[in-house]
2 protein chains.
Amino acid sequence: MKDLARELGMSVATVARAFHEGAAIAAETRALVLSRAAALGYQPNALARGMITRHTRIVGVVVSDLHNPFYPDALARLSEALQQAGCNMMLVTGGGRPGHPKAGGEMAALRLLLSYQPECVIILATTLSSAGAEACAAAGTPLLYLNRFPAAATAASSIVCDNAGGAAALTRHLLDRGARRPAFIGGLEDSSTQAERRSGFLSVCAERGIAPREHPAGAFSYEAGQEAALALLQGPEAPDALLCASDILALGALETARHRLGLRVPEALLVAGFDDIPMAAWPSHALTTLRQPLDAMLRAALDWLEPVLAGLPPAPALIRLPGTLVARGSTAVTTMMLEEQECPTP
Amino acid sequence: MKDLARELGMSVATVARAFHEGAAIAAETRALVLSRAAALGYQPNALARGMITRHTRIVGVVVSDLHNPFYPDALARLSEALQQAGCNMMLVTGGGRPGHPKAGGEMAALRLLLSYQPECVIILATTLSSAGAEACAAAGTPLLYLNRFPAAATAASSIVCDNAGGAAALTRHLLDRGARRPAFIGGLEDSSTQAERRSGFLSVCAERGIAPREHPAGAFSYEAGQEAALALLQGPEAPDALLCASDILALGALETARHRLGLRVPEALLVAGFDDIPMAAWPSHALTTLRQPLDAMLRAALDWLEPVLAGLPPAPALIRLPGTLVARGSTAVTTMMLEEQECPTP
DNA sequence: TTGAAAGCGCTAACAC
DNA sequence: GTGTTAGCGCTTTCAA
């Protein structure tokens with residue numbers, strides 16, 4: 001910038017003003033500066049700018065599990081939205097469950113992230129313990145949870161799908177289609193998503209007087225779904241319907257039920273998931289699921305972001321948006337089940 | 001930092017030194033500073049540090065298509081590797097093909113990224129036209145292509161899978177299993193990946209004296225695979241084998257062939273992909289594919305990164321690593337095909 | 001509308 | 001080992 005100023009015979013201050021929307025500068029001066037800058041490929045240094053203005057236009061994003069296809073999808077949309085808002089995304093990925101060897105690395109990465117003075121941190125994950133929230137609080141960085149409800153202690157904001165309501169709708173759907181021995185396959189033990197979905201399942205079972213079964217798969221992964229299916233579906237009194245805490249779990253269970261245990265879905269077993277990842281719609285799977293309202297969630301996130309980028313304190317929000325039940329072949333009513341329904345228990 | 005220095009009765013320089021590995025500072029002084037800093041949740045400002053040292057430890061990453069499951073996978077590993085190297089990742093996502101409405105946004109985002117003075121930019125994508133490379137060159141930022149071979153003009157480095165060799169191996173695999181009318185389903189028109197995979201296919205066809213067929217799907221997506229299958233597989237002289245330029249394409253084609261066209265795979269149609277995304281291994285799909293050597297590619301990327309982070313000019317590399325053919329059910333030899341093979345053309 | 005000058009938070013010479 | 005000083009590239013008062 002100093003070079004540019006010298007070359008154009010102006011002060012650095014004038015050159016700097018050319019790069020600012022509302023600055024007091026003659027239109028022609030600005031045009032001159034900008035054209036010369038473009039020719040040189042010059043751009044103001046965002047680090048230096050950030051130091052002075054105390055606005056970096058960096059948004060930190062923490063994603064725990066890119067292997068669950070829900071997250072790449074959400075991340076892509078979030079990234080697009082941030083780019084449109086003129087922000088830059090710093091990404092931290094964190095492997096696995098808290099207490100896991102990798103969890104430490106995640107915290108270190110978050111701390112490193114915070115040292116770049118991001119405008120805020122968005123946690124797009126079911127994990128990351130409260131330690132992360134504390135670190136953000138200590139740094140004075142606003143925190144938004146997407147798809148996770150914060151622990152009671154934190155002052156963070158949160159935007160989630162109505163997990164309990166969605167799971168309840170799915171459970172009713174399963175029961176209405178003739179399920180008599182439904183089971184819930186849980187995901188990551190200490191995630192709010194899992195807890196809420198489970199409670200939706202349990203409450204509908206209670207309401208209908210059905211004994212709930214469940215299996216803690218321990219993770220939101222295809223492999224966990226496989227293991228859960230193997231553990232649950234063998235033996236005489238096996239479940240006749242599975243509500244899985246996420247689609248990727250459901251697909252692992254579904255594939256295992258069909259191809260390893262030889263169970264027909266939906267004839268002998270109903271399966272439902274949660275999220276509506278792209279693979280759920282593939283005809284081989286045709287997985288009934290609850291579609292998360294991603295668009296609405298991101299819109300809410302951007303609304304939350306607006307004051308934060310303007311330097312104002314964020315409006316602490318706890319937003320819960322309803323999803324949509326998407327019924328597909330994995331819970332289709334077959335003739336066999338209709339007959340069962342007509343003459344329930346002997 | 002000033003506050004900390006005052007509180008501890010030291011100069012800012014001493015406090016600063018506590019945060020640097022090799023700095024000349026007494027062990028006890030350092031311990032004192034670090035413990036007080038930890039208590040306050042203080043961390044040095046990375047922006048200020050970056051300005052002086054001219055090392056930001058920011059690595060820019062451009063990903064074009066998070067909807068293709070290959071990329072989240074690669075991104076997750078890259079991110080982990082970068083975090084381990086003490087770097088922070090700035091992510092730019094870019095929608096679609098060049099010339100597309102979104103392509104402009106991608107360039108704007110890249111320019112914004114460059115203004116944060118990243119140590120380098122890694123392009124994890126088949127797209128992003130040479131304009132991106134020029135912008136990096138103008139900014140003096142080293143550029144590494146992962147999974148894309150650069151245009152002749154650029155000075156950028158590149159790490160790719162041996163696409164031509166892999167596609168050739170797959171083509172031989174298909175022909176050895178009895179394919180007589182193989183077709184290639186291409187992806188994004190102007191990507192090097194697509195061009196190299198296509199050339200591998202064509203050269204083996206030529207070598208074996210087989211007339212190649214092909215269909216330009218126009219994108220590396222499930223939907224493009226669906227459309228390609230519909231366009232190719234109807235009519236009397238339809239292909240009996242598909243080599244798809246990527247797994248996600250192949251899965252779109254495979255699902256459509258089976259569920260919409262009623263074709264049996266592998267009995268009536270062989271299908272192979274490229275990449276080895278997780279879904280390829282799911283039993284419903286059991287897709288034969290060529291596994292990209294992601295681990296080796298990332299290792300090579302880190303080797304390339306090392307001098308760059310040290311401030312040295314990067315060793316311009318054009319690294320091509322061999323993949324592994326993974327044979328699965330979608331190209332299994334069936335009795336029917338064996339018979340065909342035993343008495344080829346009447 | 002422009003220029004001069006101060007300073008954001010930190011590091012790196014250089015003295016001591 | 002530690003303090004002093006200058007300055008990274010920019011924005012932003014304040015005067016002109």
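Below, chains carry the letters A, B, ... as their sequence lines are ordered, and counting in each starts from 1.
The salt bridge (charged side-chain N to carboxylate O under 4.0 Å, His left out) pairs that include a residue from residues 53-70 of chain A number zero, where partners must be two or more places apart or lie in different chains.
The CE atom of A:Met107 sits 11.0 Å away from the CG atom of A:Leu113 when rounded to the nearest 0.5 Å. One distance of note links OH of B:Tyr116 with CE of A:Met90; it measures 8.5 Å at 0.5 Å rounding. Atom CG of A:Leu110 sits about 10.0 Å away from atom CG of B:Asn88, to the nearest 0.5 Å. The distance from the CG atom of A:Leu114 to the OG1 atom of A:Thr141 is 5.0 Å, given to the nearest 0.5 Å. Of the inter-residue distances, the one linking A:Gln194 atom CD with A:Phe220 atom CZ reads 5.5 Å to the nearest 0.5 angstrom.
With the end axes of the helix from C:dT1-D:dA16 to C:dC16-D:dG1 each set by five pairs, the angle from one to the other reads 30° at 10° resolution.
Nucleotides of DNA chain C with any atom under 4.0 Å from a heavy atom of chain A span, from 5' to 3', C:dT1 to C:dG9.
Crowding of B:Glu7 atom CD: a count of heavy atoms from other residues, nucleotides or ligands under 6.0 Å exceeding 12.
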Just distance, no hydrogens or angles: give the donor-acceptor pairs under 3.5 Å from side chains in residues 300-321 of chain A, sequence neighbours left out.
| unit_1 | atom_1 | unit_2 | atom_2 | d |
| --- | --- | --- | --- | --- |
| A:Trp304 | NE1 | A:Ser157 | OG | 2.9 |
| A:Arg320 | NH1 | A:Glu196 | OE1 | 3.3 |
| A:Arg320 | NH1 | A:Glu196 | OE2 | 3.4 |

Listed pairs under 3.5 Å, donor-acceptor, residues 39-51 of chain A side chains, sequence neighbours left out:
| unit_1 | atom_1 | unit_2 | atom_2 | d |
| --- | --- | --- | --- | --- |
| A:Gln43 | NE2 | B:Arg111 | O | 2.9 |
| A:Asn45 | OD1 | A:Leu47 | N | 2.7 |
| A:Asn45 | OD1 | A:Ala48 | N | 3.3 |

**OP:** Mark up nucleotides 7-16 of chain D, 5' to 3', with B wherever a protein heavy atom is under 4.0 angstrom from a base atom, S wherever such an atom reaches only the sugar-phosphate, and - elsewhere.
**Re:** BBBBBB----

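Of all heavy-atom pairs spanning B:Thr93 and A:Gln83, the tightest one is N-OE1, 2.8 Å.
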